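What follows is a set of notes on a single structure, which appears directly below.
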2 protein chains.
Amino acid sequence: MKLDTLDKKLVNLLQEDAKQTNKQLSLQLNLSVTAVYERIKKLERSGLIRKYVGLIDKKKVDLGFLVFCHIKLAQHSQEHITIFETEVKKLDEVLECFHVSGEYDYLLKVIVEDMEHFRNFMITKLTTLKYVGSTQSSFTISEVKNNTKIPL
Amino acid sequence: MKLDTLDKKLVNLLQEDAKQTNKQLSLQLNLSVTAVYERIKKLERSGLIRKYVGLIDKKKVDLGFLVFCHIKLAQHSQEHITIFETEVKKLDEVLECFHVSGEYDYLLKVIVEDMEHFRNFMITKLTTLKYVGSTQSSFTISEVKNNTKIPL
DNA sequence: TATGAAAATATTCGTTC
DNA sequence: GAACGAATATTTTCATA
């Protein structure tokens with residue numbers, strides 16, 4: 001899909017605040033409410049805008065412990081990879097999982113209450129996953145930046 | 001803030017789809033529309049729900065190259081840390097930055113068009129940041145899971 | 001906490017450029 | 001094809017019970 005300058009501005013605005021009214025958006029873009037409406041629908045239909053979500057404050061729900069887990073598989077056959085990925089998707093504590101290049105195969109972003117819960121997660125969930133070889137965890141000391149906005 | 005079961009369900013629903021109407025939410029929660037409305041307002045006022053954002057499909061905007069950069073500072077004085085963090089916040093390509101434990105000091109999630117742009121980002125932006133010592137990058141081969149929802 | 005009226009907003013439509 | 005303003009439908013908001 002081709003995006004003009006107005007589309008890009010619009011997507012940026014919606015990535016920052018999805019609850020703005022079409023009138024608010026129209027004022028920022030110098031367009032009519034209807035034009036904004038039509039552009040948004042087109043962006044949604046094309047799949048470029050995937051969805052709208054609420055973001056919460058982790059600390060306010062006692063889930064302030066963020067850990068990055070580097071994981072090496074014991075073996076790397078297609079079957080092992082598929083099974084591992086299927087299993088990891090089911091774990092609620094794992095917010096993100098990427099297959100990456102380098103010494104380790106996967107990078108996971110894990111969120112739990114505290115160190116005690118993390119220990120429990122490691123022992124009862126992560127290391128019991130089939131084919132997980134070695135793991136190495138980094139604990140988050142502070143969150144410098146955590147954006148969902150991809151600037152266009 | 002204390003959350004009852006309905007609050008938690010509501011937050012989970014809004015983390016999945018923020019554009020549901022209060023009527024749709026009321027049906028799923030067995031509440032009146034007004035009750036849903038009041039609960040949402042309370043959750044917003046408390047800061048537990050931080051904001052609502054649109055999420056886009058990276059590939060549809062030619063920003064499909066996701067890289068995790070591990071960074072070690074040359075020195076670790078308060079001053080160096082503050083300057084590095086201030087500068088990194090300004091970089092649009094850096095979606096996330098966490099101060100972490102372990103061999104490296106920071107973990108960055110970087111998004112760019114392709115390898116060529118990443119090379120450029122490294123040379124002209126990342127390694128020119130003051131006090132950056134060594135870096136080590138992992139390229140994303142595939143995205144297994146990438147959630148914004150923190151399950152309550 | 002629920003109801004329903006009032007206000008705001010989203011959506012559709014007919015028309016123009 | 002994209003934009004506009006007017007109309008209609010839907011949703012949010014809020015006073016009142």
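Just so it is clear, the structure is predicted and the values come from calculations on it, not from any experiment. Below, chains carry the letters A, B, ... as their sequence lines are ordered, and counting in each starts from 1.
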Can you see if the side chain of B:Asn22 gets near the phosphate of D:dT12 - specifically, an N or O under 4.0 Å from OP1 or OP2?
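Answer yes for this pair, as a side-chain N or O of B:Asn22 is under 4.0 Å from OP1 or OP2.
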Check the angle between the aromatic planes of B:Tyr106 and B:His99 and answer parallel, tilted or perpendicular using the 30° and 60° thresholds.
parallel
Which word best sums up how the rings of A:Tyr131 and A:His80 line up, parallel for under 30°, tilted for 30 to 60°, or perpendicular for over 60°?
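Answer is parallel, since the angle falls under 30°.
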Any chance CZ of A:Arg50 has more than 12 other-residue heavy atoms, nucleotides or ligands included, within less than 6.0 Å?
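Counting other residues, nucleotides and ligands, CZ of A:Arg50 exceeds 12 neighbours.
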For the helix from C:dT1-D:dA17 to C:dC17-D:dG1, what angle lies between the axis at the first five pairs and the axis at the last five pairs, to 10 degrees?
20°
Whether B:Lys109 and A:Glu96 form a salt bridge (side-chain N of Lys/Arg under 4.0 Å from carboxylate O of Asp/Glu) is what I want to check.
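Here A:Glu96 pairs with B:Lys109 in a salt bridge, since their nearest N and O are under 4.0 Å apart.
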Between A:Glu38 and A:Lys41, is there a salt bridge with N-O shorter than 4.0 Å?
no
Run the ring-centre check on B:Phe68 versus A:Phe68 and record whether the distance is less than 6.0 Å.
no
Apply side chain to side chain contact (heavy atoms under 4.5 Å, CB included) to residues A:Glu93 and A:Lys125 and explain how you reach the verdict.
CA-CA 10 Å; A:Glu93 295 91 341; A:Lys125 297 197 179 170; 2.8 Å; yes
Please state how far atom [atom1] in [X] lies from atom [atom2] in [N], giving the value in whole angstrom units.
X       : N      : atom1 : atom2 : result
B:Tyr52 : D:dT12 : OH    : C1'   : 13 Å
B:Lys23 : C:dG4  : NZ    : C1'   : 13 Å
B:Gln20 : C:dT9  : CD    : P     : 21 Å
A:Asp4  : D:dG1  : CG    : P     : 16 Å
A:Met1  : D:dG1  : CE    : C1'   : 13 Å

d(B:Leu129 CG, B:Ile83 CD1) to nearest 0.5 Å is 11.0 Å
Listed in order of residue number, which residues of residues 26-51 of chain B have a non-hydrogen atom at under 4.0 Å from DNA chain C?
B:Ser32, B:Thr34, B:Ala35
